[in-house]
Peer 1: 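This is the structure I have questions about; it appears just below.
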Amino acid sequence: EDDTGAIETRNGNLVLDLRPLVIQLGDRVAIVGRVDQQLLSKPDAGVVTIMKANNLETAQDATQILKVLGLWLWLVPILLWAIALWLARSARRSVLRGIAISSMLAGLIVLVIIRASGTAVVDNLTSVEAQQQAAHDAWEIITSPLRDGGLTLVGLGVILLVAVWIAGPGRRATQTRRWLAPYLSRPEYAFGVAYALLFLLVLWGPTLQTRRWQLILAAAIVLAIGVEVLRRQTAKEFPDLQPKGALNGDDG
């Protein structure tokens with residue numbers, strides 16, 4: 001990200017110079033001060049070579065591309081899901097169930113891969129048992145955004161399955177819609193409760209994705225569509241439970 005700090009280029013290499021840090025510590029700790037004198041006598045001591053300098057620009061370009069993809073690539077599955085629902089017509093409930101299950105499976109696969117590959121990476125990179133905990137912690141930090149993405153997919157799948165169940169033909173689902181009908185007929189109640197729950201989720205922020213405004217905006221739009229679809233379904237099923245004038249668009 002072009003934030004170099006202690007990193008610089010020398011002889012065509014990108015290097016990390018640890019000597020300033022050791023010198024600073026040497027001013028405070030006596031034993032480190034003696035190491036400091038040895039570093040000053042050897043110009044290459046304390047210098048770690050990271051990569052060839054000509055690879056730096058490529059790495060920076062790749063990092064920028066990955067950051068942009070990470071911010072906007074999630075739009076692709078949402079658009080594909082929307083197209084699938086639009087094409088399904090009478091089978092939309094089945095398609096929505098498939099979307100929920102596929103979302104949960106994708107999230108679980110990501111979580112399993114992170115756990116399995118983390119064990120393999122830590123075992124291969126650390127030969128000393130005392131270093132494994134530090135390597136494991138580093139792996140957890142590095143993969144935390146991806147792990148949050150997996151958890152978000154699982155949570156999304158659960159929410160969609162609940163929505164599929166509420167809109168379903170089952171006896172309990174029908175009873176639930178009947179109980180909700182008087183409240184759903186009032187848009188201030190229906191949308192107010194829905195967005196209050198969304199606000200609490202954002203306030204909680206359990207994953208990285210629940211703290212990104214792009215995803216929250218998309219969730220708010222999808223939530224509005226879902227609530228309106230459920231309102232219309234219950235209005236058709238239970239017209240006797242609607243307030244006077246509600247079916248004509250007059251909630252007064």
Side-chain angles (χ1 to χ4, degrees), residues 65-88 91-123 133 135-170 172-173 176-177 180 190-191 193-230 233:
I65 292 173
L66 290 174
K67 288 180 64 177
V68 173
L69 289 177
L71 288 174
W72 300 107
L73 195 60
W74 55 272
L75 284 172
V76 175
I78 289 183
L79 290 175
L80 292 176
W81 288 343
I83 293 173
L85 289 171
W86 179 69
L87 294 175
R92 285 174 180 167
R93 185 168 173 270
S94 298
V95 171
L96 188 60
R97 184 189 299 111
I99 292 173
I101 295 174
S102 65
S103 176
M104 294 178 65
L105 287 176
L108 290 174
I109 290 173
V110 168
L111 295 175
V112 170
I113 290 176
I114 292 175
R115 176 61 61 88
S117 59
T119 302
V121 168
V122 171
D123 291 342
Q133 184 60 47
H136 175 75
D137 293 342
W139 177 260
E140 290 289 324
I141 294 172
I142 292 172
T143 59
S144 59
L146 188 58
R147 183 173 57 253
D148 280 359
L151 292 173
T152 300
L153 284 174
V154 173
L156 176 62
V158 172
I159 293 173
L160 291 178
L161 282 180
V162 172
V164 170
W165 173 78
I166 291 179
R172 291 186 178 180
T176 301
R177 291 196 300 275
L180 290 174
F191 289 101
V193 171
Y195 283 109
L197 293 175
L198 180 61
F199 174 76
L200 290 177
L201 178 64
V202 174
L203 197 63
W204 176 26
T207 64
L208 176 65
Q209 288 70 29
T210 57
R211 298 189 292 272
R212 288 183 173 175
W213 68 267
Q214 303 98 324
L215 295 175
I216 297 304
L217 178 60
I221 295 173
V222 173
L223 182 62
I225 295 174
V227 170
E228 183 59 26
V229 169
L230 185 61
Q233 179 180 352

Peer 1: For the atom pair CD1 (Ile142) and CG (Asp137), what is the distance rounded to the nearest 0.5 Å?
Peer 2: 11.0 Å
Peer 1: Could you grab the distance from atom CG of Leu96 to atom CD1 of Ile101, nearest 0.5 Å is fine?
Peer 2: 10.0 Å
Peer 1: In Å, rounded to the nearest 0.5 Å, how long is the span from CD1 of Ile159 to CG of Leu197?
Peer 2: 9.5 Å
Peer 1: Side-chain contact test, heavy atoms from C-beta onward, threshold under 4.5 Å: evaluate it for Leu203 versus Phe199 and give yes or no.
Peer 2: yes
Peer 1: Between Arg147 (side chain) and Leu111 (backbone), is there a donor-acceptor pair under 3.5 Å?
Peer 2: no
Peer 1: How about Thr152 and Pro206: do any of their side-chain heavy atoms sit closer than 4.5 Å?
Peer 2: no
Peer 1: Roughly how far apart are Arg92 CZ and Ile99 CD1, rounded to 0.5 Å?
Peer 2: 11.0 Å
Peer 1: Checking Leu230 now: which residues fulfil side chain to side chain contact (heavy atoms under 4.5 Å, CB included) with it, not counting sequence neighbours?
Peer 2: Ile166, Arg177, Leu184, Gln233, Thr234
Peer 1: Might you point out which heavy atoms bring Leu160 and Ala100 nearest each other, and give the distance in Å?
Peer 2: CB-CB, 3.5 Å
Peer 1: Within the supplied structure, the quantity of interest is the number of heavy atoms (other residues, nucleotides, ligands) at a distance under 6.0 Å from Arg211 CZ; does it exceed 12?
Peer 2: yes
Peer 1: What are the two closest heavy atoms between Arg97 and Leu161, and how far apart are they?
Peer 2: CG-CD2, 4.1 Å
Peer 1: Ignoring hydrogens, what is the shortest heavy-atom contact between Gly157 and Ser103? Give both atom names and the distance.
Peer 2: N-OG, 3.8 Å
Peer 1: Restricting to non-hydrogen atoms, name the atom on Leu223 and the atom on Ala194 that form the minimum distance, rounded to 0.1 Å.
Peer 2: CD2-O, 3.5 Å
Peer 1: What is the minimum heavy-atom distance between Leu208 and Asp148, and which atoms define it?
Peer 2: N-OD2, 3.0 Å
Peer 1: Where is the tightest heavy-atom contact between Gly149 and Gln209, given as atom of each residue plus distance?
Peer 2: N-OE1, 3.4 Å
Peer 1: Mind checking whether Trp74 and Gln214 have side chains closer than 4.5 Å, heavy atoms only?
Peer 2: yes
Peer 1: About how many Å separate CE of Met104 and CD1 of Ile109, when rounded to the nearest 0.5 Å?
Peer 2: 12.0 Å
Peer 1: Would you call Trp139 and Ile114 a side-chain contact if the rule is heavy atoms closer than 4.5 Å?
Peer 2: yes
Peer 1: For Tyr195, does the OH atom have more than 12 heavy-atom neighbours from other residues, nucleotides or ligands under 6.0 Å away?
Peer 2: yes
Peer 1: Distance from Ile216 atom CD1 to Thr210 atom OG1, nearest 0.5 Å?
Peer 2: 6.0 Å
